Structures are given as C-alpha cells and as structure tokens.
A.B. asks: 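Once you've had a glance at the structure underneath, I'll fire off some questions.
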Amino acid sequence: MSSRPTPESLREALAEISDPEYPISIVDLGLVRGVTVHESTATVQIAFCSLGCPCIELIVEDIEQRLLEVPGIDRVEVEEVFERWTRSDISPDGLKGLRQIGVA
C-alpha cells in the first residue's frame, strides 16, 4: 500500500524543477507560495518574478508534468498569485546557487 502524497512530498518534487533561466529550483527561488493536495488533485500557488516573465508557460508545464509523476496525483492545478516577489523570498541555498553562477 502506497502512502498518499502530502504537501511536503509535493514540495520536494517541485524542488527538482529548475527555473528555465537559472539552474536554481523554483522552490529555492521562492516562486512556490503554497502547495495543497485534495484527494488526487495537487494545487500549487506560484508567484513569478515579473508579470512579463517569458518562462511562465514553461514553468507551469514543468510543474504539471512533474507532479503528475507522483503516485496518487491525477490532476494538477497551478494558480498564479499576484504577490510581490523580492530577493528575500530566495532561500539561502538559492542565494548560494545564484552567487555561484555570478548572479545576486
């Protein structure tokens, strides 16, 4: 019997997704604002660095594809939240990774 997916396990799966512009996970960049699971549906709330981000569709597709690989998830909803994203949203690991590639 397999365990049911939890918000924490889904967040771990999302941490495997890198931003298309930087080799840093969308979790470490602070883009993922919330993760919930209800029955077999995962809902991810995400804020983008800018409203004109050219990678929005790519990120949404990556989220859907990765979470549909999680046993017990049959549907993924991605909700864009319009919260201000700032440097303080980036995790310490994310900042370290950005510095390693010459950003930040």
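Given the structure is predicted, the values throughout are model-derived calculations rather than measurements.
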A.B. asks: Any side-chain heavy atom of Val76 within less than 4.5 Å of one from Thr41?
C.D. replies: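 Side-chain contact under 4.5 Å: no.
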A.B. asks: Within a reach of under 6.0 Å around CD of Glu57, are more than 12 heavy atoms found that belong to other residues, nucleotides or ligands?
C.D. replies: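 Open.
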A.B. asks: How long is the span from the CD1 atom in Ile59 to the SG atom in Cys49, to the nearest 0.5 Å?
C.D. replies: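 Reported to 0.5 Å precision, the distance equals 7.5 Å.
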A.B. asks: Using the salt bridge (Lys or Arg N to Asp or Glu O under 4.0 Å) criterion, which residues pair with Glu12? Sequence neighbours excluded.
C.D. replies: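 By the salt bridge (Lys or Arg N to Asp or Glu O under 4.0 Å) rule, Glu12 matches no residue at all.
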A.B. asks: What closest approach, in Å, do Arg66 and Ile17 show between heavy atoms, and which atom pair accounts for it?
C.D. replies: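 Nearest pair, atom of Arg66 first, then Ile17: CB-CD1, 3.8 Å.
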A.B. asks: Would you compute the distance between atom CD of Glu83 and atom CD of Gln45 and round it to the nearest 0.5 angstrom?
C.D. replies: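 Rounded to the nearest 0.5 Å, the CD-CD separation comes out at 7.5 Å.
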A.B. asks: Please examine the side chains of Ser40 and Ile73, heavy atoms only from C-beta on, and report whether any two atoms are closer than 4.5 Å.
C.D. replies: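 They are not in contact (no side-chain heavy atoms under 4.5 Å apart), so the answer is no.
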A.B. asks: Report the residues that fulfil salt bridge (Lys or Arg N to Asp or Glu O under 4.0 Å) with Asp19, sequence neighbours left out, ordered by chain and then residue number.
C.D. replies: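 Checked Asp19 against salt bridge (Lys or Arg N to Asp or Glu O under 4.0 Å); zero matches.
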A.B. asks: Going from CG on Leu31 to CD1 on Ile63, what distance comes out if it is rounded to the nearest 0.5 angstrom?
C.D. replies: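 Leu31 CG to Ile63 CD1: 8.0 Å, rounded to 0.5 Å.
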A.B. asks: Is Arg33 salt-bridged to Asp89, going by a charged N under 4.0 Å from an acidic O?
C.D. replies: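 Salt bridge: yes.
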A.B. asks: Considering non-hydrogen atoms only, spot the tightest contact between Thr36 and Pro7 and give its length.
C.D. replies: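 That would be CA-CG, 4.4 Å.
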A.B. asks: Are Val44 and Leu68 connected in the hydrophobic side-chain network, where two residues link if heavy atoms are under 4.5 Å apart?
C.D. replies: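 Looking at the clustering, Leu68 is in the same group as Val44.
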A.B. asks: For Asp28 and Ser25, indicate whether the former's side chain and the latter's backbone hold a donor-acceptor pair under 3.5 Å.
C.D. replies: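 Not a single qualifying donor-acceptor pair exists.
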A.B. asks: Hey, does Gln65 have a side-chain heavy atom less than 4.5 Å from the side chain of Glu61?
C.D. replies: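 Not in contact.
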A.B. asks: How close do Ser18 and Ile26 get, heavy atom to heavy atom, and via which atoms?
C.D. replies: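 Heavy atoms of Ser18 and Ile26 come nearest at C-CG2, 4.3 Å.
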A.B. asks: Quick one: do Glu8 and Arg11 make a salt bridge, cutoff under 4.0 Å?
C.D. replies: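 Arg11 and Glu8: not salt-bridged.
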A.B. asks: For Leu98 and Ile24, what are the C-alpha separation, side-chain angles and deciding distance, and is it a side chain to side chain contact (heavy atoms under 4.5 Å, CB included)?
C.D. replies: CA-CA 7 Å; Leu98 287 171; Ile24 309 298; 3.8 Å; yes
A.B. asks: If you round to the nearest 0.5 Å, how far is CD of Gln100 from CG of Leu95?
C.D. replies: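 One gets 11.5 Å once the value is rounded to the nearest 0.5 Å.
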A.B. asks: With heavy-atom distances below 4.5 Å as the criterion, would you say the side chains of Val78 and Glu64 are in contact?
C.D. replies: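 They are in contact (side-chain heavy atoms under 4.5 Å apart), so the answer is yes.
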A.B. asks: Measuring from Ile101:CD1 to Glu21:CD, what's the distance to the nearest 0.5 Å?
C.D. replies: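 Going from CD1 on Ile101 over to CD on Glu21, the span is 10.5 Å.
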A.B. asks: Determine yes or no for a side-chain-to-main-chain donor-acceptor pair under 3.5 angstrom, with Trp85 supplying the side chain and Ile90 the backbone.
C.D. replies: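 Checking the backbone N and O of Ile90 against the side chain of Trp85, no donor-acceptor pair under 3.5 Å is found.
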A.B. asks: Can Val37 be reached from Val81 by stepping across I, L, V, M, F, W or Y side chains whose heavy atoms are under 4.5 Å apart?
C.D. replies: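 No, it is not one cluster - the side chains of Val81 and Val37 are not joined through contacts under 4.5 Å.
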A.B. asks: Leu58, Val32: one ILVMFWY side-chain cluster at the under-4.5 Å cut-off?
C.D. replies: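 No, because Leu58 and Val32 fall into different hydrophobic clusters, even though each may have its own neighbours under 4.5 Å.
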A.B. asks: Rounded to the nearest 0.5 Å, what's the gap from CG on Asp62 to CD on Glu16? Could you check?
C.D. replies: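 Result: 11.5 Å between the selected atoms.
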